[in-house]
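Read through the structure below, which is laid out as structure tokens, and then see the notes.
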Protein chains: 2
Amino acid sequence: MGATDGDIMDKNEAADKRETGTLGKLMVLLDIVTHADSPMRFTDILAVAGQPRGTLHRQLGHLTEEGLLEVLADGRYAPGLRLLDLASRSWARNEFRLIAEPHLNALQQLTGETVHLGVLRGASVIYLDKVEGSQPVRMYSQIGNASPIYCTGVGKAALSALPDDRLDAIISSVLFQRFTDSTLTPETLRREIADIRRSGNAFDREEHEVGIRCVAAPVCSEDLSFVGGVSVTGPAYRLTFERLEEWALPVRRTAESIMSGMRIGLGPRR
Amino acid sequence: MGATDGDIMDKNEAADKRETGTLGKLMVLLDIVTHADSPMRFTDILAVAGQPRGTLHRQLGHLTEEGLLEVLADGRYAPGLRLLDLASRSWARNEFRLIAEPHLNALQQLTGETVHLGVLRGASVIYLDKVEGSQPVRMYSQIGNASPIYCTGVGKAALSALPDDRLDAIISSVLFQRFTDSTLTPETLRREIADIRRSGNAFDREEHEVGIRCVAAPVCSEDLSFVGGVSVTGPAYRLTFERLEEWALPVRRTAESIMSGMRIGLGPRR
DNA sequence: AATTGAGTTCTGAATAATGGAACTATCGGG
DNA sequence: CCCGATAGTTCCATTATTCAGAACTCAATT
């Protein structure tokens, strides 16, 4: 199982200067509960939320009332079903995903491996879509997942599309966790970004999970409102280094197709 | 393409007596935007939200700031990526889903058809999980989807587990849309519910989509904090009426296994 | 240049959130 | 059975946010 990262988008998320008032406070709670490994009791939340008991109680009540949280039989709080409902709609109609979909399928056909579309959010990559071969594998298990940016092909590809100031801001806000022997550090990451900018391709050589490699290429809109990447991922025994090189170009081509689709689909304000 | 229902959980959702203050108002907006077929301009939202311009502007600003909404290049509002992030976590750790998973897989193996786990939320069914055969079909396209309760096997199974008062409340709050020639009306639904209670199985005989049939059975926790169902779904040419009968028992067995798993997993307040 | 439409900013007044304390319920000993 | 904890809920005067509407900016239209 791929390590899920709990603590990556710390500062970028919270320390945004602007305030969102009541909503912001509630979202902090929602994050606490959804990030927990298992449902939390009132007191558990109280300990980390740093709010007076009365206040917390009302806030959790409101979140529950709205279906964003759920109270289990034993009183513990878990994420609510409304989230699934909201997300499924948000996913189904996502413009970028819709534009990319046919190109992702084509790339999957060509390579026979799993193809991903990911997008940068804060200091994480969120997988927007995934096209697999024939195996009946759990799909939701990836889509929507937030993954670290410094050890996934899509993440590094996305970073390479950013201007230096935003790149620096992100790199310094992330804490680098070591997943495998090959996981990058801030310094090696910077060097790699330079390579990616030159070649147009990012690679993941078992940097996140042993035995998993990928080739990726950046996909972004002109105004950088969308910054992400496409990738082809597979097991190391099939994705030899030659294979990775061989697919570098098709992946880049796919990225370009998606980008030109975005210009058509989003350019004219219909 | 299966019809997606926009307008089903009207009253139950909104007319809940309790107020959630600021959060409630913001969630209404979020619903408006996520329910829209395409991104909405400020003025579009203004028209349906019934809020003063200034107020709406700030509210949308807050939602955007939190990543729940996104502002596209042309200023239109679309659902934000944070929703995916929240939902993926909420799904991955959902207790009921985790308990049901192995049983769903077993049922899929046995029947070779697609197996669903759904749960009642308000007056809709939300699909919590789906196990398919070999076809590489889009999974997210179902999970999280809210479907009508009166014309899906899982929906009818779930209803049959409810006490009469809650059943009545739901039936009267839903507006029955006619999807196919076989779609039920409030009256025929009530009659069917009675059948389901007797036999333990719900069927969908092309009531939602022509050519699609299913057998389902109710799954619920003792305290009715979870009310849902499992189903086996497939094309009419494979799921003959004899087949449906043949699988009625295995589906019921699966439902029972899940329920006993829930008693073990949820009973003792660990 | 004048008009309309779309979006943003500002303000005192209205409303909802806050936090502390008091209250209740449940549990584990002694 | 009672005591003291621990856990969760309710209350209410105070305070901070949100509200509504008007005034304002900016662009496109005529």
Side-chain angles (χ1 to χ4, degrees), chain A residues 14 16-33 36 38-80 223 225 266-270, chain B residues 14-33 36 38-78 80 223 225 266-270:
Chain A
D16 256 345
K17 315 130 222 221
R18 302 163 200 174
E19 287 289 339
T20 50
T22 306
L23 178 62
K25 296 166 198 160
L26 292 175
M27 291 306 293
V28 168
L29 289 184
L30 198 51
D31 265 344
I32 289 173
V33 176
S38 63
M40 300 175 79
R41 287 175 318 168
F42 182 87
T43 319
D44 302 333
I45 304 174
L46 185 62
V48 293
Q51 297 255 35
R53 291 222 299 276
T55 302
L56 182 66
H57 187 257
R58 178 182 35 77
Q59 292 173 327
L60 291 175
H62 284 174
L63 288 168
T64 305
E65 193 67 46
E66 287 293 337
L68 298 172
L69 291 182
E70 222 163 303
V71 186
L72 305 180
D74 59 3
R76 292 179 309 164
Y77 290 87
D223 61 349
S225 65
L266 304 174
R269 352 190 136 185
R270 25 167 178 167
Chain B
D16 256 345
K17 322 128 218 222
R18 302 162 199 174
E19 287 290 338
T20 50
T22 306
L23 178 63
K25 294 165 198 162
L26 291 174
M27 292 305 293
V28 168
L29 290 184
L30 198 52
D31 265 344
I32 289 173
V33 176
S38 64
M40 298 174 80
R41 287 175 319 168
F42 182 86
T43 319
D44 302 333
I45 303 174
L46 186 62
V48 293
Q51 297 254 37
R53 292 223 299 278
T55 301
L56 182 65
H57 186 257
R58 176 181 38 79
Q59 291 172 326
L60 291 175
H62 283 175
L63 287 168
T64 305
E65 193 67 45
E66 287 294 337
L68 299 172
L69 290 182
E70 222 164 302
V71 185
L72 305 181
D74 59 3
R76 291 177 311 163
Y77 290 87
D223 61 351
S225 66
L266 305 172
R269 350 192 138 185
R270 27 168 175 167

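All values reported here derive from a predicted model rather than from experimental measurement. Quick note on labels: first sequence line is chain A, next is B, and so on, each numbered from 1.
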* Length of the line joining A/Leu46:CG and D/dT9:C1', which is rounded to integer Å -> 13 Å
* Residue B/Arg58, side-chain atoms from C-beta onward, closest of D/dC19, C/dT18, C/dT8 -> D/dC19
* To do: Identify the two heavy atoms, one from A/Leu72 and one from A/Pro39, that lie closest to each other, and give their separation to 0.1 Å.
  => CD1-CG, 3.5 Å
* Would one find a side-chain N or O of A/Gln51 under 4.0 angstrom from OP1 or OP2 of C/dG19? -> yes
* Structure fact -> From CG of B/Asp74 across to P of C/dA6 the rounded distance in Å is 14 Å
* Protein-nucleotide distance (A/Ile45, atom CD1; D/dT9, atom P), rounded to Å -> 11 Å
* Among D/dG8, D/dC19, C/dT18, which is the nearest nucleotide to the side chain of A/Gln59? -> C/dT18
* To do: Give the rounded distance in Å between these two atoms: NE2 of A/His57 and C1' of C/dA21.
  => 16 Å
* Asked: Would you say the base of C/dG20 and the side-chain of A/Arg53 have a donor-acceptor pair closer than 3.5 Å?
  -> no
* To do: Decide yes or no on side chain to side chain donor-acceptor pair (under 3.5 Å) for A/Glu65 and B/Thr20, but give the supporting numbers first.
  => CA-CA 7 Å; A/Glu65 193 67 46; B/Thr20 50; over 6 Å; no
* Round to a whole Å and report the spacing from CG of A/Leu23 to C1' of C/dA16. => 15 Å
* Asked: Which is true for A/Thr22 with a 4.0 Å heavy-atom rule: it touches a base, it touches only sugar-phosphate, or it touches nothing?
  -> sugar-phosphate
* To do: Nearest 0.5 Å please: distance from the CD1 atom of A/Ile45 over to the CG atom of A/Leu60.
  => 4.5 Å
* Asked: So which nucleotide from C/dT18, D/dT9, C/dT8 ends up closest to the side chain of B/Phe42?
  -> C/dT8
* Side chain of A/Thr43 (C-beta onward), nearest among C/dG7, D/dA7, D/dG21 -> D/dA7
* To do: Round to a whole Å and report the spacing from CG of B/Leu72 to P of C/dG7.
  => 13 Å
* Take the protein atom NZ of B/Lys25 and the nucleotide atom C1' of C/dA17, then report the distance between them rounded to whole Å. => 11 Å
* Asked: Expressed in angstrom and rounded to an integer, what is the separation of A/Arg41 atom CZ from D/dG8 atom P?
  -> 6 Å
* Hey, does A/Gly54 reach any base, or is it just sugar-phosphate, or nothing, if we go heavy atoms under 4.0 Å? -> base
* How do A/Asp44 and B/Thr55 order along DNA chain D: which one's closest nucleotide is nearer the 5' end? -> A/Asp44
* Heavy-atom pair with the smallest gap, counting every atom of A/Met40 and A/Val48 -> CE-CG2, 4.2 Å
* Using a 4.5 Å cut-off on heavy atoms from C-beta on, say whether the side chain of B/Leu30 contacts that of B/Leu69. => yes
